[in-house]
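Notes follow once the structure below has been shown.
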Number of protein chains: 2
Amino acid sequence: MGKIDNSRRARKKPTAAKAAGPAAARGARMTDVARLAEVSIMTVSRALRHPAVVDPETLKRIHGAINATGYLPNRIAGSLASQRSNIVGLVVPSLRNSLFAETVKGVADTLGADFDLMIADSGYVLDGEETAVAAFLSQRVCGIVLHNTKHTPRTRGLIQSAGIPCVETGNLVRRPIDMVASFSNRKAAFEMTAFLVGKGYRRIAFVSLPLRDNDRARERQSGYLQALKQFGLPVDRRIVLESTPGLRGGAHALIELMKVRPKIEAVFLTGDVLATGALLEANRNGWLVPDTIAIAGSDDNELQECVSPALTSLRFPRYDIGCTAASMLLNRISGNLPAAHIVDLGFQIIPRQST
Amino acid sequence: MGKIDNSRRARKKPTAAKAAGPAAARGARMTDVARLAEVSIMTVSRALRHPAVVDPETLKRIHGAINATGYLPNRIAGSLASQRSNIVGLVVPSLRNSLFAETVKGVADTLGADFDLMIADSGYVLDGEETAVAAFLSQRVCGIVLHNTKHTPRTRGLIQSAGIPCVETGNLVRRPIDMVASFSNRKAAFEMTAFLVGKGYRRIAFVSLPLRDNDRARERQSGYLQALKQFGLPVDRRIVLESTPGLRGGAHALIELMKVRPKIEAVFLTGDVLATGALLEANRNGWLVPDTIAIAGSDDNELQECVSPALTSLRFPRYDIGCTAASMLLNRISGNLPAAHIVDLGFQIIPRQST
DNA sequence: TTGAAAGCGGTACCAA
DNA sequence: TTGGTACCGCTTTCAA
């Protein structure tokens, strides 16, 4: 039975024969397993998907056949037939930045082995994100995680009309495409500025990455300005900077700031490793931290803790954000309504010697 | 024509109706585009795949229909029919480590927009890699990049019998599963040790990450030992350490090493940020670098350059390795035989003030 | 508990 | 340059 059906088995090997490596075996299909186990293909499918409803004896034969043939399920065929995939798509501004890596890890750990992760790099460009999203949607991903929270209209439209769940992670936006798991960048910057004011510093500089297309940096600057305003401190645009990324960016920013008169008392550098770069530069120049200049950073990590003096910093729960984002996706994929569309994971100020 | 075929279009919306977001539109299919453009589905397929052979006028109508319907190609169906996917699978020991991120970025940049990247984390465990590879093979990836170069037998078997191209990137192994693009960890460690000997240091300690399941660390230790032997220096097992990762790991290793008598003159820490951790610890303790203790590192980065004194280090072309790996894959995917199975991208010693 | 048949949405091949 | 037809390998539905 089924033998006739399978007699058309002289699989064409097109150019593959040329390109293929050592063994160009096209792999066993479910049909092959079924034939060997002397059951129908449907029973094999069930054995893999709902083993509970299959007779234990049958199950055993099937597993034997699977091992014997080295069968690996074809998820492409499976996804096409079932109209659902097990791939989650993730877009980060840069694959290089270890900040995002934390979130990615949280997502990956939470998704577990049942889902695969497709990752793309937007290169900090909105159109890059759009391209990535379109590609993901073509692959029919079952969910999307976006780090950036600023998007092209088409990106939003694409995701919404695809009707798949989406979580944004970079900033606690009010109106997410679908859902958001993050913290408030504005509030974090506000609180850090307030912390510095509380320490007695009055002339506080602010350095961030370029604001263009970067919601996070924008929100942080806005939080800083808001704090100054609230505490009745004047804004001096000469000490509100946008910097290139990297340790050198922070170092350079500090040098520029130290030239300004009247002298600044403290500087809050947020984004990338700017604060560490500034601290190392201060050390090189013999500027005492925090006496000559107090330095505060963000995105706390082991390095900020190990430098001397250790850096006062903001701690963001990036790993948790990834975990939460994945959970929210999973929840929706299993057919539930979202418990919440907006999840605030908060942040912490870690006071150390640099302020 | 074809209308009857399409009259069964009351698509079932199973649980999706419940799970779906704002708009649960199932999306247009090629058939819809074809109907609107008044051509056959085949012509639409061609318009997308080989636009050159389609009449310009027809093409225009088709693109109009694509925009009108918001059609997004279904790559799942496409892949199933064509028996080829455009997904490359990548396994790294840890998503967290920015070292690997460089290689990932190289791969992503080189693959470009025509391919998607699936990334998995082996958690530094061989079985984790096997699981990831099996999952990738189930997704029918068209190529695989593996950072680790030690594998379970099943991992090798799986990839070889799948007959898809594979590039390993972590170490220049002699007998790759298929291809390798990397540098020689052993030779790099050998050269750095030789460099220190050349500087006049005789009692040179060595610190790496744990050797278990880690070919790279193993090879590096072996290169160090080989250099000592070649220069007639004795091996003192008390100053050959395996350390936990992180700045603290390096700091702790240095503290242990400084207790050993006779005193060591130099230490070569390789892997993660061990060297930086050791340098910061030396600074904290007032140990003069390089006078009291010389420190050399590996995996050069901006931080090693910005600390004081700047660290002598090994530079590995991780980004290039990623680019090369992707090129090798691409070459094979287009049906060519590999130009070379083993590509050595080399390394550099960057001498600075710490030695 | 098991099986038969009809697709899923495209692509390959060949004929027109 | 265009279209018809037979699949790709699996899941769904429904009947046995």
Side-chain angles (χ1 to χ4, degrees), chain A residues 1-2 4-6 8-16 26-35 37-59 61-62 69 71-86 138-140, chain B residues 1-2 4-16 26-35 37-62 69 71-86 138-140:
Chain A
M1 57 289 276
I4 294 166
D5 190 346
N6 290 147
R8 49 120 181 95
R9 290 250 12 216
R11 249 84 144 284
K12 53 194 159 191
K13 313 165 199 159
T15 50
R26 222 69 220 77
R29 301 156 312 168
M30 206 176 255
T31 317
D32 304 317
V33 174
R35 191 164 351 98
E38 299 186 286
V39 293
S40 81
I41 176 180
M42 260 322 296
T43 304
V44 177
S45 178
R46 269 189 215 102
L48 261 26
R49 197 160 294 294
H50 314 290
V53 303
V54 176
D55 183 278
E57 281 306 314
T58 312
L59 214 51
R61 283 213 314 287
I62 291 175
T69 52
Y71 172 73
L72 270 183
N74 183 330
R75 291 218 45 85
I76 296 189
S79 295
L80 180 60
S82 66
Q83 298 284 72
R84 91 178 75 87
S85 87
N86 64 336
S138 255
Q139 297 287 357
R140 297 303 191 258
Chain B
M1 55 294 268
I4 293 168
D5 190 346
N6 288 148
S7 56
R8 48 120 180 95
R9 292 249 15 215
R11 250 80 146 288
K12 55 194 158 190
K13 311 165 197 158
T15 49
R26 221 71 219 78
R29 300 155 315 166
M30 206 176 255
T31 318
D32 304 320
V33 175
R35 187 158 2 93
E38 300 185 286
V39 293
S40 81
I41 175 178
M42 263 319 301
T43 303
V44 178
S45 179
R46 267 189 219 101
L48 261 27
R49 195 162 297 293
H50 314 288
V53 302
V54 176
D55 183 279
E57 281 306 315
T58 313
L59 213 51
K60 202 174 295 174
R61 282 213 314 288
I62 291 175
T69 53
Y71 171 73
L72 270 184
N74 183 331
R75 292 220 42 87
I76 296 190
S79 294
L80 180 60
S82 65
Q83 297 285 72
R84 92 178 75 86
S85 87
N86 63 337
S138 254
Q139 297 287 359
R140 297 302 189 260

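Since this is a predicted model, take the numbers as computed values, not measurements.
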Quiz item: Do A:Ser138 side-chain atoms and B:Arg75 backbone N/O form a donor-acceptor pair below 3.5 Å?
Solution: no

Exercise. Using the test side chain to side chain contact (heavy atoms under 4.5 Å, CB included), find all partners of A:Arg140 that sit at least two apart in sequence or belong to another chain.
Key: B:Leu72, B:Asn74, B:Ile76

Quiz item: Does A:Ser40 have a side-chain nitrogen or oxygen under 4.0 Å from the phosphate oxygens OP1 or OP2 of C:dG3?
Solution: yes

Exercise. Let me know the distance between CG of B:Leu80 and P of D:dA6, rounded to the nearest Å.
Key: 18 Å

Quiz item: Heavy-atom contacts under 4.0 Å between residues 52-61 of chain B and DNA chain D, which residues?
Solution: B:Val53, B:Val54, B:Asp55, B:Thr58

Practice problem: Rounded off to whole Å, could you give me the CZ-to-P distance for the B:Arg84 and C:dG10 pair? | Solution: 16 Å

Quiz item: According to the side chain to side chain donor-acceptor pair (under 3.5 Å) rule, which pairs have a member within residues 38-56 of chain A, sequence neighbours left out?
Solution: A:Ser40-A:Thr43

Self-check item: Residues which pass side chain to side chain contact (heavy atoms under 4.5 Å, CB included) with A:Leu59, listed by chain and number, not counting sequence neighbours
Solution: A:Ala47, A:Pro51, A:Val54, A:His63

Quiz item: With respect to the side chain of B:Ile41, which nucleotide from D:dT12, C:dG10, D:dC8 is positioned closest?
Solution: C:dG10

Quiz item: How long is the span from the OG atom in A:Ser79 to the CD atom in A:Gln139, to the nearest 0.5 Å?
Solution: 10.0 Å

Practice problem: Figure out the CD1/P separation between A:Ile62 and C:dG3, and round it to whole Å. | Solution: 8 Å

Self-check item: Side-chain N or O of A:Gln83 closer than 4.0 Å to phosphate OP1/OP2 of C:dG9
Solution: yes

Quiz prompt | Of residues 42-51 of chain A, the positions that come close to DNA chain C - non-hydrogen atoms, cut-off under 4.0 Å | solution = A:Met42, A:Thr43, A:Arg46

Quiz prompt | Interatomic distance where CD belongs to B:Glu38 and P belongs to D:dT2 [whole Å] | solution = 13 Å

Quiz item: Looking at the side chain of A:Tyr71, which of D:dC10, D:dC8, C:dG10 is the nearest nucleotide?
Solution: D:dC10

Quiz item: Quick one: B:Gln139 CD to D:dG9 C1', roughly how many Å, whole number?
Solution: 14 Å

Quiz prompt | side-chain hydrogen bond (donor to acceptor under 3.5 Å, both in side chains) against B:Arg61, all qualifying residues, sequence neighbours excluded | solution = none

Quiz item: In whole Å, what is the span from the CG atom of B:Leu72 to the P atom of C:dG10?
Solution: 10 Å

Quiz item: How long is the line joining CZ of A:Arg35 and P of D:dC10, in whole Å?
Solution: 12 Å

Quiz item: Atom CG of B:Asn86 and atom C1' of C:dT11: how far apart are they, to the nearest Å?
Solution: 14 Å

Quiz item: B:Val44 and B:Val39: which non-hydrogen atoms are nearest, and at how many Å?
Solution: CG2-CG2, 3.8 Å

